[in-house]
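Heads up: the structure comes next, in structure tokens.
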Amino acid sequence: MKCLAVNTATKTLSIALVEGENLLHFYETGETRDQGNLLLNHILDGLRENGLGFADLDVLAVVTGPGSFTGIRIGLATMRGIALAADRPLIGFSSFDMFAARSPDRVNIVAVESWREELYFAVMDEEGHPLIACGNETPEAFTERFSREFLGKHPILLSGDAAERMTGLLPDAELAGVRGNAACVAHLAWEKFSIGGAPDVMPVPYYLREADVTISVKSARILKEK
Amino acid sequence: MKTLLGIETSCDETAAAIVTEDGRILANVVLSQQEHAAFGGVVPEIAARAHLNHIDALIKEALAGAKLTLDDIDAVAATAGPGLIGGVMVGAMTAKAIAAVRGIPVIAVNHLEGHALTVRLVEDVAFPYLLLLVSGGHCQLLIVEEVGRYHCLGTTRDDAAGECFDKTAKLLGLGYPGGPAVEKMARACKDPAAALEKYPLPAPMVGKPGCDFSFSGLKTAVRQTVDALPAGAIAPDAAAAICHSFQHAVGLIMADRTERAIKQYLALKPPSPALVVAGGVAANTALRQALEALAKQYNMRFVAPPPKLCTDNAAMIAWAGMERLVRGMTDTLDFAVRPRWPLEELKPHPLKGTSHG
């Protein structure tokens, strides 16, 4: 069973090609500036090195966010395009799914980089599913709310690409050291696909923030009804 | 006979189309995003989100409409700029993915080149022709010498003509998009002569040397005119009169600038002189009539593609892609998208001359 997974939503871009438990190809870069331009070439390189074509893939996986709005769209447009053209199933996973630490006896907080003051946060259950998720709280505000709502539920395990920004605020928390990349997503997809197949619908973006819009009310006037 | 899929996502229209080498449009689906109406203008992040939500379904719809599958498609073209980059990226990545999977060429189309070449999809027009390109984001006069070779005679120094229509519509509370709303309102003007007298508006650049445009002064004058109206809701008669006066001013500007460009163009002694108008604002009937009269005066053929192909659509992108494909001008999967991309930065095919009529 072969799976191609791509993450372009978070700080580090990664592409993984797996067959069952085996990682056939892995590419990762922190240089995400021109990621859209190079993404398809990296995917083709991975397939070519393994003598594979798109038709040999059983399932595709993509990270749907939260993270960079543009990054989310690059990954989804590309993978939805591949799914359409190759007629392969595509499964979406959130950045929280990708970074989840899955710990039986600790509360896992995932913090994802947003390139602004407020981060993306999720508190995960022990299976790796989010109990709560938010996209408009600063580390301080989130810490305060978390301390209130999850009182006594310590110890805390921190993961995500912004986890290190939280250690000062949650001094007792431990960094989980979860890598969180396309290889993890490929394994999640493999797990999900082997149990229940892929959903019929295409994955949609998970922005977790509204688009910023400022409305100029000054210039609009109303036309009198006839 | 080649068949090409085109994708357009550079502003607020999500579109997919399929055209053939001999100029048949097998499918042309356009989804105009309604999400921006409340803001009186296009919000880039909202546009990008909407493009992603709809583009693959539109491609399926285009294929189904043409009774084709991707097996029948020989190449994919997408707008690679200029435009709102978040949206452009969505279309470009979708095109790259389809091309990579199907092993077919991909073509990065300049949106303006799409507008510039559309006329050749519907009419037999030979190079070089004079083009007035007027849309929501652009306003320029060009000599179209060959696919990939454009000589710019004049461009706007500030706003695009379409922007000015949108702004006028917004000031008068006519809604968005402003072009059709202003045109409809202007038609309702009962006394055009009196309207010009009561609400005179300037026509910047008219009579000045060169072929450049400027619309900011006209925009400001419309604002001042609207501000001077009695407080409260605007009377429809006043709105109609202002729309007429505005459209009249735009017509004067266009005719004056275009006439100067015609003189420069005709000095080159083109074998079959033609004036072509393209872009969203070219859908304006009053403007078309003014330009048609001008072309007649100079014994030039006047060609305007049907309004449906003047506003943003993917048939024009597919066609520009086709013009490039048949000349061997294809791109690689790592092509970059560009928010700014003047037509003059394009290059014709290095090995081919101007022989392609």
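We name chains A, B, ... by the order of the sequence lines, and we start the count at 1 in each one. Heavy atoms only: backbone and side chains are in, while hydrogens, waters and symmetry mates are out. Keep in mind that what you see is a predicted model, and the values were worked out from it rather than measured.
A:Met79 does not touch chain B: none of its heavy atoms, backbone or side chain, sits under 4.5 Å away. B:Val90 touches chain A through backbone and side chain together, each having a heavy atom under 4.5 Å away. Only the side chain of A:Leu40 comes within contact range of chain B, with heavy atoms under 4.5 Å apart. For A:Leu44, the part lying under 4.5 angstrom from a heavy atom of chain B is the side chain only. If you measure heavy-atom distances from B:Ile73 to chain A, you find no contacts under 4.5 Å at all. With a 4.5 angstrom heavy-atom cutoff, B:Leu70 touches chain A only via side-chain atoms. Using a 4.5 Å cut-off between heavy atoms, A:Leu39 contacts chain B through its side chain alone, with no backbone atom that close.
Between A:Leu47 and A:Gly53, the shortest heavy-atom distance links the atoms CD2-O, 4.2 Å.
With hydrogens and angles ignored, the 3.5 Å screen pairs no side-chain donor or acceptor of B:Lys96 with any backbone N or O of A:Gly81.
Stacking of B:Arg49 on the aromatic ring of A:Tyr207 is recorded, both the 6.0 Å distance cut-off and the 45° axial limit being met.
We find that A:Arg145 and A:Glu140 are not joined by a salt bridge, their nearest charged nitrogen and carboxylate oxygen being 4.0 Å or further apart.
Residue A:Glu117 qualifies as open at atom CD: its count of foreign heavy atoms under 6.0 Å is 12 or below.
For the pair B:Met185 and B:Pro236, the minimum side-chain heavy-atom distance is below 4.5 Å.
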